[in-house]
There are 2 protein chains.
Amino acid sequence: MLLLVKYITMKKQIPENTINRLSAYYRMLIYLAQRGTQVISSKSLANILGMKDSQVRKDLSYFGRFGVRGEGYKVALLSQKILHILGLEKGRRVCIIGMGNLGSALAAYKGFSDFGFDIRAVFDSNPVKIGKNIRGYHCYPAAEIKNVVKKERIELAILTVPLEQAQAVANLAVEAGIKAILNFAPVRLNVPRNIRVDNVDLAMELKKLSYFAGK
Amino acid sequence: MLLLVKYITMKKQIPENTINRLSAYYRMLIYLAQRGTQVISSKSLANILGMKDSQVRKDLSYFGRFGVRGEGYKVALLSQKILHILGLEKGRRVCIIGMGNLGSALAAYKGFSDFGFDIRAVFDSNPVKIGKNIRGYHCYPAAEIKNVVKKERIELAILTVPLEQAQAVANLAVEAGIKAILNFAPVRLNVPRNIRVDNVDLAMELKKLSYFAGK
DNA sequence: CGTTGTGAAAGGGTTCACAGCT
DNA sequence: AGCTGTGAACCCTTTCACAACG
């Protein structure tokens, strides 16, 4: 009974922003390593990134004790630990669904492969594109999503299809056993609770900017 | 003295997420208007968007009283009000700096013009692209940023240049009088405090997804 | 001595609950 | 009767401050 209470209490612990910041730490650590930095304190790291040192330490403390008191954090060790936390140690199999302008741009984006993401397939429903080589990837028909995702054991899907098709292709991806979706279509996707969906709404970002630009 | 206390207390009032949600409300209201819906309650709107009705009301209450008690919100009126809040009534002059894959994709993205964003210029430093027509826009050299931004009275800049060039072109845009920047390069831009910078880090989004995909 | 790791305090955002209108 | 608008309560995140430790 006490265990149950504990379980309920524990439910949500780690702030989502902590995960975002882990990403930022990782990128900076890689950069520092290249520059030859071997050890860094939470204070220095925080200063570079424009945040508080206590934030850095608290974020890391959710996952373990990675530092040395009086010294700081070993850059190589910490970056390795964060890679592990983010589940990127062994790389991740990704597909892109929708080879329009945005999908093609993302397929060509170096930033993904740099962090261990492995684009295994790209899809489109346009007969002109199907079978062609787009940005170095063979373009499969959308109808093949289930087969290819299963065969290639793809875990993450990037959705860059028009609004109207988003839910349908999301369904296919989910049926094929996808674990998470990065959705660029401005719709709330309906998926099982165990599937993670993150939304990126570019028009929304611009609208926000407009608000803060004032007048 | 009391005024000073009041000023300090007032510092930050409206949550940033409220602005994001305003965007979502607006999009849905436009959709509802097309479908012929004239009035909607905070409860219905919240249900459609998967949130709490009190959230909708609280968000709107930061800006005024737009509803009718016992009835709900008039769709046409509310969407108009939100457009005004977001500063999009009269449209916004935008430029895109960096006509690589991502910049070109954004130039072609319908979602921007749909919400009153007016792309007035696109820039690149690649001589092959300069002077050409890209996605319907004349491509200016990066060296012309200051002149063109000023002449066209451009307010918002979308930055899609490589990491190394981001700060330099941001400086040019700021000098030209830009008000806000949507930055796709994974660097913390150094700009005067009165310039708003929003960052979109696509690799970070994928890393977050990886974390939540588990294992 | 300097920096981590962490409870406790502070700060902010979300949800509740109900008074106030229509 | 029904729904908005809002102060207060609640809950989550950030920051503080310091004990623990190399």
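Chain identifiers are assigned alphabetically (A, B, ...) following the order of the sequence lines, protein sequences preceding nucleic acid strands; residue numbering begins at 1 within each chain. Everything numeric here is computed off the predicted structure, so don't read it as measured data.
- The heavy-atom pair separating B:Asp124 from B:Gly100 by the smallest distance is OD2-N, 3.9 Å.
- Of all heavy-atom pairs spanning B:Ala121 and B:Ile154, the tightest one is CB-CD1, 4.0 Å.
- Within 3.5 Å, a donor on the side chain of A:Arg57 pairs with an acceptor on the base of C:dG5, or the reverse.
- One atom, CD1 of A:Ile14, and another, P of C:dT6, lie 13 Å apart when rounded to the nearest Å.
- Checking the phosphate oxygens (OP1, OP2) of C:dC21, no side-chain nitrogen or oxygen of B:Arg65 falls inside 4.0 Å.
- Geometrically, A:Lys207 does not engage B:Tyr26 in a cation-pi contact defined by less than 6.0 Å to the ring centre and at most 45° from the axis.
- With hydrogens and angles ignored, no donor-acceptor pair closer than 3.5 Å exists between the side chain of A:Arg69 and the base of C:dT3.
- Per the geometry, CD belonging to B:Gln55 stands 5 Å off P belonging to C:dT14, to the nearest Å.
- If you take CG of B:Asp53 and P of D:dC3, they are 10 Å apart, rounded to a whole angstrom.
- For A:Asn17, counting side-chain heavy atoms from C-beta on, the closest listed nucleotide (C:dA17, C:dT4, D:dT14) is D:dT14.
- Computed from coordinates, the B:Lys43 NZ to D:dG5 P distance equals 17 Å when rounded to whole Å.
- When heavy atoms are screened at a 4.0 angstrom cut-off, A:Ser41 is found touching the sugar-phosphate backbone but no base atom.
- Separating the NZ atom of A:Lys74 from the C1' atom of C:dT3 is a distance of 14 Å, rounded to the nearest angstrom.
- With DNA chain C read from its 5' end, the first of the two nearest nucleotides for A:Lys58 and A:Gly70 is the one closest to A:Gly70.
- The separation between A:Met51 atom CE and D:dT15 atom P is 9 Å, rounded to whole Å.
- Which of C:dG5, D:dG5, C:dT14 sits closest to the side chain of B:Arg21 comes down to C:dT14.
- The side chain of A:Pro15 lies closest to D:dT13 when the candidates are D:dT15, D:dT13, D:dG5.
- The separation between B:Tyr62 atom OH and D:dT4 atom P is 17 Å, rounded to whole Å.
- OP1 or OP2 of D:dG5 lies within a sub-4.0 Å distance of a side-chain N or O belonging to B:Tyr73.
- One N or O on the side chain of A:Arg135 and one on the backbone of A:Ser104 form a donor-acceptor pair closer than 3.5 Å.
- An OP1 or OP2 oxygen of C:dT14 is reached within less than 4.0 angstrom by no side-chain nitrogen or oxygen of B:Ser54.
- Closest heavy-atom contact between A:Leu88 and B:Ser210: CD2-OG, 3.5 Å.
- Here the C1' atom of nucleotide D:dT13 and the NZ atom of A:Lys52 are 14 Å apart, to the nearest Å.
- The residue B:Thr18 sits apart from the nucleic acid: no heavy atom pair falls under 4.0 Å.
- At least one side-chain nitrogen or oxygen of A:Ser42 sits closer than 4.0 Å to the OP1 or OP2 atom of C:dT4.
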